[in-house]
Amino acid sequence: MARSGGRAPARISGLAAKHRALYLGLAVVVVLGGLLFAYYANYTLDRTTAADRARTERKAGSAADREQPAFVATRTARDIEQDPPQNFVVLLDRKLTEREQADLAAIKPGVGGLDVWRFLKPLGGRLVEYSSP
């Protein structure tokens, strides 16, 4: 192409000026089309590989669980002798014999009823705490 006077021929500069909006519109359509294609390609890939990914994640989670020791929680029983509750009753699964009732009646009240607890515990007594009214 030969240049005339240092400028582009009239038909090219006219074509570019005449169809500038068309080129801009075409560029917008291409960009939006590319974005939609990328979105739907990602969506389709996710849908087709979801089951495999879920299976792989479950296997990895199971493997990680097997690598670590199991979580174990323990609760230390309260030492009634050292830390007596404020309010409690002692339950038995049977009635006391007459001799046991007499022995219980002969106990002098001690600190927080611990003497009663020490007597009833070997008989199968169970300590039940309750809140004060």
Side-chain angles (χ1 to χ4, degrees):
M1 248 186 224
R3 293 188 158 219
S4 59
R7 4 182 284 204
R11 65 187 174 120
I12 294 176
S13 64
L15 183 64
K18 193 175 187 183
H19 298 291
R20 189 175 295 147
L22 180 63
Y23 289 138
L24 181 61
L26 183 61
V28 168
V29 168
V30 168
V31 168
L32 288 177
L35 288 173
L36 284 173
F37 175 77
Y39 174 78
Y40 282 112
N42 187 35
Y43 176 76
T44 303
L45 182 65
D46 280 350
R47 298 250 322 160
T48 56
T49 62
D52 293 333
R53 283 186 293 120
R55 190 176 311 111
T56 302
E57 288 176 8
R58 261 185 270 137
K59 284 181 184 176
S62 296
D65 288 345
R66 284 190 301 270
E67 290 175 1
Q68 299 174 358
F71 175 77
V72 177
T74 59
R75 181 177 180 272
T76 305
R78 183 178 189 174
D79 185 6
I80 301 301
E81 304 292 329
Q82 298 295 323
D83 184 23
Q86 295 297 320
N87 303 306
F88 68 93
V89 294
V90 179
L91 298 179
L92 293 170
D93 58 354
R94 63 178 178 84
K95 288 186 173 187
L96 294 175
T97 63
E98 289 184 21
R99 178 177 168 105
E100 291 169 339
Q101 290 177 16
D103 291 344
L104 181 61
I107 294 175
K108 304 242 186 295
V111 178
L114 285 179
D115 295 332
V116 172
W117 168 243
R118 287 184 190 120
F119 174 74
L120 293 174
K121 183 178 179 182
L123 300 176
R126 298 288 179 248
L127 193 75
V128 179
E129 294 183 60
Y130 64 92
S131 60
S132 60

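What's counted below: heavy atoms across the whole structure, side chains too, no hydrogens, waters or symmetry copies.
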K121 vs L127 side-chain heavy atoms within contact, under 4.5 Å: no
Atom CZ of R47: over 12 foreign heavy atoms under 6.0 Å: no
Nearest-0.5 Å distance, [atom1] of residue [X] to [atom2] of residue [Y]:
| X | Y | atom1 | atom2 | result |
| --- | --- | --- | --- | --- |
| F37 | N42 | CZ | CG | 11.0 Å |
| R55 | T49 | CZ | OG1 | 11.0 Å |
| L123 | D103 | CG | CG | 9.0 Å |
| L45 | Y40 | CG | OH | 15.5 Å |

Pair R118-D115, side chain to side chain contact (heavy atoms under 4.5 Å, CB included): steps then yes or no: CA-CA 5 Å; R118 287 184 190 120; D115 295 332; 3.2 Å; yes
Let me check something: any side-chain donor-acceptor pairs from residues 92-99 under 3.5 Å, sequence neighbours excluded? List them with distances.
{"unit_1": "R94", "atom_1": "NH1", "unit_2": "E100", "atom_2": "OE1", "d": "3.0"}
{"unit_1": "R94", "atom_1": "NH2", "unit_2": "E100", "atom_2": "OE1", "d": "3.4"}
{"unit_1": "R94", "atom_1": "NH2", "unit_2": "E100", "atom_2": "OE2", "d": "3.0"}
{"unit_1": "T97", "atom_1": "OG1", "unit_2": "E100", "atom_2": "N", "d": "3.2"}
{"unit_1": "T97", "atom_1": "OG1", "unit_2": "E100", "atom_2": "OE1", "d": "3.4"}

